[in-house]
2 protein chains.
Amino acid sequence: MLFAPHALSRVGESSAVTSDMIWAPLFQRLKTTTGADDRDLQALAALPFTLRNFRENQTVLRDGEQPSECCLIADGFCVRSKTIADGRRQILSIHIPGDLPSLQNLHFATVDHDLIALSDCTLAFIAHKALNELIRQRPGVGDMFWRDTLVDAAVSREWIVNVGQRSTYNRLAHLIVELRERLRLIGRVIDNTFEIPLTQEQFGEAMGVTSVHTNRILRELRIDGVLELQRGTVRILNEHKLQELAQFDGRYLHLSPSS
Amino acid sequence: MLFAPHALSRVGESSAVTSDMIWAPLFQRLKTTTGADDRDLQALAALPFTLRNFRENQTVLRDGEQPSECCLIADGFCVRSKTIADGRRQILSIHIPGDLPSLQNLHFATVDHDLIALSDCTLAFIAHKALNELIRQRPGVGDMFWRDTLVDAAVSREWIVNVGQRSTYNRLAHLIVELRERLRLIGRVIDNTFEIPLTQEQFGEAMGVTSVHTNRILRELRIDGVLELQRGTVRILNEHKLQELAQFDGRYLHLSPSS
DNA sequence: GCCCCCACTTAACATTTGTTGGATTTGCCC
DNA sequence: GGGCAAATCCAACAAATGTTAAGTGGGGGC
């Protein structure tokens with residue numbers, strides 16, 4: 001069976017997975033960020049894809065692989081990461097439903113990092129060949145995707161700033177706010193509460209610090225009444241303080257077509 | 001006068017700046033990395049451009065600006081950087097002749113970081129409009145440029161790993177090796193010696209550490225006989241040790257068309 | 001319901017990195 | 001050649017972060 005029950009129930013409540021459910025978060029994002037042309041989206045939605053489910057911690061793409069398809073996260077969370085010689089691991093980006101985390105392999109033969117499922121995930125795989133043909137037919141689709149990879153790059157640059165210059169305390173605040181803004185775009189934020197299914201160790205790997213230190217900083221944020229994190233669920237306690245710490249300027253997300 | 005003498009002498013020894021000299025480093029890079037089509041390059045070289053010179057430390061593009069042209073570094077070095085609220089600055093990438101550091105603004109209206117000349121620089125500015133028209137006529141040009149922005153993104157991801165996980169000692173070694181590989185591509189490495197005109201403070205801003213600490217690490221590298229850095233000139237003293245420290249895996253530079 | 005594994009939590013101590021302040025060197029202008 | 005400004009260099013001390021080693025707690029499998 002293609003769909004394991006656990007994944008099905010996360011994509012939607014019914015047992016039938018429609019094409020709509022697969023594309024919805026991507027389209028929702030593209031419409032607000034790029035003012036996407038409806039015919040381009042319809043053409044996209046007509047592309048053939050294969051659904052595959054991944055379990056928590058399962059590797060989706062391994063460093064060095066040469067994929068012939070690119071993947072769309074229909075449901076669940078993934079991270080890009082790199083592991084260096086001494087075994088230390090850095091998380092490079094966190095991906096949410098609607099993301100296309102391997103779009104760069106339309107142009108690169110080889111994957112230069114790992115892509116790992118953080119939670120149980122449903123991914124739609126679309127052949128590079130089909131995508132390239134569509135892009136040739138409809139340059140607007142290519143523009144949308146090129147832009148999408150550029151936003152991805154802009155997020156990476158801000159990630160460098162975060163790791164390089166902000167105190168761990170502020171760094172975590174910034175990371176949380178960025179993820180909240182991206183989750184809000186796809187309707188995953190309710191009442192200052194949202195899910196980011198990372199363990200403390202993984203938050204540490206995203207910030208370039210150890211799990212012990214991550215725990216210290218989380219305790220401080222909790223004691224200071226800024227936010228709480230429990231088993232992957234974030235609850236904002238003091239929005240004002242959070243903003244002050246994060247100093248978040250969302251322009252780098254390029255959320256509007258005219259930015 | 002468009003050309004200040006100092007800049008002219010850096011582009012070439014003669015006093016006439018030909019279109020060839022402007023495009024040479026970019027074409028040299030594109031030929032080895034993307035196996036570029038000669039007709040695409042010819043079409044590119046036929047585009048109108050404006051040359052502008054910048055002095056050391058002069059801002060080329062400021063965070064928030066809305067440029068109508070993108071720039072090609074014909075000669076000199078630039079950096080992308082972001083400054084956060086408390087004044088700390090992070091260098092995001094280092095750009096060398098042949099780089100197109102603002103290509104992302106073909107798709108973004110607004111620049112989301114600063115672009116600053118490290119040394120006296122000669123930049124060629126090409127109108128977005130002309131470039132977009134060429135890309136519509138010759139999709140191969142668009143593919144080349146899309147790929148170029150993807151390599152840029154891959155470099156940013158490795159930069160995150162560098163800042164997040166490597167010790168400052170290894171981090172500096174990695175940074176040096178990456179720059180050497182990129183400079184080699186455009187023929188700027190001679191006898192284990194090459195120029196990277198950053199001050200120690202700027203190396204610090206690239207690595208996310210202070211200038212004092214950068215100085216400590218440079219002294220260690222010098223004492224350990226790994227490399228020397230004097231006024232922007234790097235000399236490798238022990239290639240083997242350097243490799244061991246940097247643990248450099250250049251796949252992320254995607255230097256071959258089939259990678 | 002029990003057990004086991006894994007995430008979380010904490011403390012003590014070691015190491016790295018930042019801060020401050022000052023001395024020295026270098027490049028450049030006059 | 002003198003003098004200024006910037007870059008480099010360095011040491012002493014402070015703060016942030018890593019390491020190690022233990023507990024604690026909760027959820028899933030049996």
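Labels below follow one simple rule: chain letters A, B, ... track the order of the sequence lines, proteins then strands, and each chain is numbered from 1.
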(message) Closest-nucleotide mapping onto DNA chain D: is A:V209 or B:Q230 further toward the 5' terminus? I mean the 5' end.
(response) B:Q230
(request) Output yes when B:R157 and A:D114 qualify as a salt bridge under the 4.0 Å nitrogen-oxygen rule, no when they do not. (result) no
Between the protein and nucleotides 19-27 of chain D, which nitrogen or oxygen pairs come in under 3.5 angstrom?
none

(request) Could you list the residues that satisfy salt bridge (charged side-chain N to carboxylate O under 4.0 Å, His left out) with B:E220, not counting sequence neighbours? (result) none
(message) Distance check needed: D:dC9 P versus B:E201 CD, whole Å only.
(response) 14 Å
(request) Using atom CZ of A:R171 as one end and atom P of D:dA16 as the other, report the distance to the nearest whole Å. (result) 13 Å
(request) Using the heavy-atom set of chain B and a strict 4.0 Å cut-off, write down the first and last nucleotide of DNA chain C that makes it in, 5' to 3'. (result) C:dT17 to C:dG27
(request) Just grab all the salt bridge (charged side-chain N to carboxylate O under 4.0 Å, His left out) pairs involving residues 90-101 of chain A, residues at least two apart or on different chains. (result) A:R29-A:D99, A:D99-A:R182
(message) Tell me which pairs pass ring pair (Phe, Tyr, Trp, His ring centres under 6.0 Å) where either residue lies in residues 169-193 of chain B, with sequence neighbours left out.
(response) B:H174-B:F248
(message) Going by the rule side-chain hydrogen bond (donor to acceptor under 3.5 Å, both in side chains), which residues pair with A:E181 if we only count those two or more places apart in sequence or in a different chain?
(response) A:R184
(request) Under 4.0 Å between any heavy atoms, over every strand shown, what does A:G208 touch: base, sugar-phosphate, or nothing? Just pick one. (result) sugar-phosphate
(message) In this structure, how many angstroms lie between the P atom of D:dC10 and the CG atom of B:L218, rounded?
(response) 11 Å
(message) Can you tell me if A:T168 touches the phosphate of D:dT17, counting only side-chain N or O atoms and a distance under 4.0 Å to OP1 or OP2?
(response) yes
